[in-house]
Amino acid sequence: MSGPQHDPSLYRDRDQVPFQRALISVSDKSGIVELAGSLAAAGVELVSTGSTAKMLADAGLPVTEVARVTGFQEALDGRVKTLHPAIHAGLLADLRLEHHEAQLAELGIAPFELVIVNLYPFVETVRSGAPDADIVEQIDIGGPAMVRASAKNHANVAIVTDPRVYPLIAKAAATGLSLMQRRALARDAFAHTAGYDRAVACWFAGEPVEELPAAPAAAAAPAAAAPVDAATAAAAPSAAAPVAEAPALVEPGEQRPTAAPAPARADAAGAAAQTDASDALPDTGSATGLLRAVGAASLVQGLRYGENSHQQAGLFGLPGGNGITQAELLHGKPMSFNNYVDADAALRAAFDFTEPAVAIIKHANPCGIAVAAPGAADAIASAHQRAHACDPVSAFGGVIAANRTVTAAMAETVKDIFTEVVVAPDFEPEALELLTAKKNIRLLRLPAGYVREGSELRQVSGGVLVQQPDTFEGFSSHTWRRVSGSHVSDAVLADLEFAWRAVRSVKSNAILLASGLASVGVGMGQVNRVDSCHLAVSRAGERAAGSVAASDAFFPFADGLQVLLDAGVTAVVQPGGSVRDEEVVAAANAAGITMYFTGERHFAH
């Protein structure tokens with residue numbers, strides 16, 4: 001016997017499903033009155049069982065007992081109460097199918113969009129030393145049936161099994177949840193019932209009954225319909241350890257609560273093992289630690305789609321993370337997949353500098369990067385004006401990152417430019433007033449102590465690549481080697497140092513022209529360095545004359561350098577290391593320009 005199959009064309013789209021009717025049946029009643037109150041205030045009909053219904057009614061909430069829905073009183077000491085078509089048809093009806101909707105109407109059964117269930121305390125009863133008869137009574141039957149039915153029908157129903165999710169559900173009471181969010185809940189629900197059944201089987205087998213996972217956040221979602229957290233397959237076995245953090249189900253763009261440390265597991269003697277809360281967070285500075293952290297990542301929010309509208313996507317947070325994922329959306333529509341990618345790239349570019357700096361990013365490449373002009377009255381506003389001046393055409397619809405608080409003066413320079421996102425450590429009240437007048441701009445405030453992980457990874461088929469990030473820790477131009485021309489002035493050297501930092505954020509092959517501590521032309525992402533040079537010079541126009549240039553990797557031939565020389569570039573910094581370095585240096589000497597070799601490249605792919 002197998003389940004029915006339907007023509008895919010018959011399914012109607014159901015992404016955001018508002019809550020209209022909720023089924024509540026909980027043994028752990030902590031927080032349930034508050035959640036039910038939020039749901040009732042949003043107009044959600046409450047249906048509940050036995051003692052849960054009594055608690056809600058005693059709290060003055062409108063609630064319908066399950067027996068009134070089924071027309072059947074609880075029987076056999078409560079063993080039979082929800083196992084009824086009037087309940088399970090409402091849980092299992094796939095309202096994407098017209099004939100399911102019609103049949104439900106014929107039966108006079110209303111569907112449920114939200115189910116809140118937690119199971120009988122079986123493990124706790126076993127550990128209490130209770131007699132076998134009492135333990136058997138704590139084997140939940142109706143609860144897992146409701147959980148599994150709702151999780152199977154996650155296309156229409158949100159299933160909640162963890163009380164720590166309640167505050168997040170309350171926030172979504174008026175809007176419901178997206179398909180991605182419901183799928184994450186279904187994943188955790190099936191993992192929860194699997195752990196529960198495993199505990200029961202262990203007890204029958206006379207084996208130790210282990211504590212159930214608090215929140216199976218590392219469980220893999222099926223790849224065919226939802227993204228898998230990045231290291232599910234590649235993480236070390238320890239990455240699958242339970243994480244005491246509820247899946248975040250906030251509305252897109254809102255924030256999840258900070259992760260709690262994992263609960264202590266009882267040792268063989270039954271005593272709780274004491275662990276330092278800091279030990280529960282993987283060290284993301286190491287490759288192994290980062291993989292463990294990614295394996296323990298949990299869904300922060302479902303995204304409307306991925307890079308393109310036909311790709312599903314979600315944002316996952318690392319335990320203890322303190323970066324763009326944890327930033328607070330102060331204004332605007334929810335962040336998109338591409339917004340997050342560009343905002344993170346912009347942050348990294350801006351925070352490559354210790355001086356007040358602004359980076360403007362489009363498709364993960366900089367349109368402009370600048371630090372404040374010396375002596376500027378408002379440093380961060382100056383940095384933005386200069387960054388925008390690099391390429392105003394490309395900056396349209398870009399993402400801006402500042403490494404200082406956004407001031408009213410900077411907001412004045414931003415407000416008349418179409419901008420997708422502005423992300424910064426903070427915003428002055430006057431800046432917020434100016435920018436929130438723009439409906440479509442997103443304003444993100446970084447978490448206090450924003451920091452990037454000490455390792456970074458990229459997925460490849462069958463695994464992940466992990467590396468240390470490319471940073472400027474310990475950077476000094478004193479290690480550079482001058483290979484042509486004369487000593488440059490302090491101002492030119494400062495421009496070369498700026499260009500060398502800025503070119504790191506440009507996709508290879510990368511050429512960046514700079515003048516006065518600001519980019520004036522960027523050539524990025526070309527498959528040969530000559531084209532990148534042409535692009536940088538073209539973007540700079542007349543500003544190329546007298547500028548300096550940075551190349552992320554060596555010039556394999558002198559032809560790329562010659563493009564820069566012909567445009568009037570006066571000094572160049574590059575890694576060196578080509579078999580034709582002598583040819584390149586000879587061209588620099590013939591033009592009378594200064595060239596430095598750094599001995600270190602800045603590829604970015």
Note to self: Pair I324, V423 - check side-chain contact (heavy atoms from CB on, under 4.5 Å), show working.
What the structure shows: CA-CA 9 Å; I324 188 72; V423 56; 4.0 Å; yes
Note to self: salt bridge (charged side-chain N to carboxylate O under 4.0 Å, His left out) for D426 and R404? Distances and angles first, verdict last.
What the structure shows: CA-CA 7 Å; D426 209 345; R404 298 289 195 277; over 6 Å; no
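- Nearest heavy atoms, V157 versus F112: CG2-O, 3.2 Å.
- In terms of modelled atom types and a separation under 3.5 Å, the side chain of K438 and the main chain of K415 share a donor-acceptor contact.
- Taking each heavy atom of P425 and F351 in turn, the nearest pair found is CG-CZ, 4.1 Å.
- Between the side chains of N339 and R442, at least one donor N or O lies within less than 3.5 Å of an accepting N or O.
- Side chains of T436 and H331: a donor-acceptor N/O pair is absent below 3.5 angstrom, by distance only.
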Notebook entry, point to check: Yes or no on side-chain contact (heavy atoms from CB on, under 4.5 Å) for Q526 and I511, after CA distance, side-chain angles and deciding distance?
Noted result: CA-CA 10 Å; Q526 303 303 301; I511 298 290; over 6 Å; no
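- Of the possible polar contacts, one joining the S551 side chain to the A553 backbone as a donor-acceptor pair under 3.5 Å is found.
- One finds the OG atom of S547 at 9.5 Å from the CG atom of L512 (value rounded to the nearest 0.5 Å).
- Within the 4.5 Å cutoff, the side chain of T175 has no heavy atoms near those of the F19 side chain.
- The pair D552-K507 does not meet the salt-bridge criterion, since no charged nitrogen lies less than 4.0 angstrom from a carboxylate oxygen.
- Using a distance-only test at 3.5 Å, with no hydrogens or angles considered, no donor-acceptor pair links the side chain of D495 to the main chain of V548.
- Panel note: side chain R386, backbone V371; a donor-acceptor pair is recorded below 3.5 Å.
- Within 6.0 Å of CD on E433 lie no more than 12 heavy atoms contributed by other residues, nucleotides or ligands.
- Put simply, the side chain of I169 reaches to within 4.5 Å of the side chain of L114, judged on heavy atoms.
- Note: H605 and F603 meet the aromatic proximity criterion, with ring centroids under 6.0 Å apart.
- Of the possible polar contacts, none joining the Q468 side chain to the S455 backbone as a donor-acceptor pair under 3.5 Å is found.
- Using a 4.0 Å cut-off between charged side-chain N and carboxylate O, R348 and E456 make a salt bridge.
- Distance check, rounded to the nearest 0.5 Å: CD1 of I24 to CG of L39 gives 6.0 Å.
- The closest side-chain heavy-atom distance from R543 to L513 is not below 4.5 Å.
- Annotation: side chain of R182 is not in contact with side chain of Q16 (no heavy-atom distance under 4.5 Å).
- Put simply, the side chain of D470 never gets that close to the backbone of R504: no donor and acceptor are under 3.5 Å apart.
- Between V300 and F316 there is no side-chain heavy-atom pair separated by less than 4.5 Å.
- In terms of heavy atoms, L347 sits closest to Y450 at CB-OH, 3.7 Å.
- The aromatic ring centres of F472 and H602 sit less than 6.0 Å apart.
- Taking every heavy atom of both residues into account, A376 and S382 meet most closely at CB-CB, 3.6 Å.
- Separating the NE2 atom in H154 from the CE atom in M180 is a distance of 10.0 Å, to the nearest 0.5 Å.
- Within 6.0 Å of CZ in R601 there are 12 or fewer heavy atoms belonging to other residues, nucleotides or ligands.
- Remark: side-chain polar atoms of S519 are not paired, donor with acceptor, to backbone N or O of G368 under 3.5 angstrom.
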Check: How far apart are the C-alpha atoms of L299 and L185, what are their side-chain angles, what is the distance that settles it, and do they pass the side-chain contact (heavy atoms from CB on, under 4.5 Å) test?
Finding: CA-CA 10 Å; L299 185 68; L185 284 174; over 6 Å; no
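- For the pair R501 and D352, the salt-bridge criterion is not met [side-chain N within less than 4.0 Å of a carboxylate O].
- Taking both residues in full, the closest heavy atoms of Q459 and V464 are given as CA-CG1, 4.0 Å, listed atom of the first, atom of the second, then distance.
- Residues S30 and D28 have side chains that bring a donor and an acceptor to within less than 3.5 angstrom of each other.
- Atom-to-atom distance recorded for Q385:CD and C390:SG is 14.5 Å, nearest 0.5 angstrom.
- Side-chain contact between F396 and T419: absent, with no pair of heavy atoms (C-beta onward) separated by less than 4.5 Å.
- Residues V26 and V117 fail the side-chain proximity criterion, which asks for heavy atoms closer than 4.5 Å.
- Looking only at side-chain heavy atoms (C-beta outward), I116 and I32 come within less than 4.5 Å of each other.
- Closest approach of S505 to P366, counting heavy atoms only: O-CD, 3.5 Å.
- Here the OH atom belonging to Y340 is positioned 5.0 Å from the CE atom belonging to M335, to the nearest 0.5 angstrom.
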Item checked: side-chain contact (heavy atoms from CB on, under 4.5 Å) assessment of D342 paired with E420 -> CA-CA 10 Å; D342 283 349; E420 288 275 356; over 6 Å; no
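- The backbone N or O of H310 lies less than 3.5 Å from no partner atom in the side chain of N308, so there is not a single donor-acceptor pair.
- Annotation: the span from T413 atom OG1 to H388 atom NE2 amounts to 8.5 Å, rounded to 0.5 Å.
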Next item on the list: Would you please test D378 and T407 for side chain to side chain donor-acceptor pair (under 3.5 Å) and show each step?
Entry: CA-CA 8 Å; D378 189 304; T407 61; 2.9 Å; yes
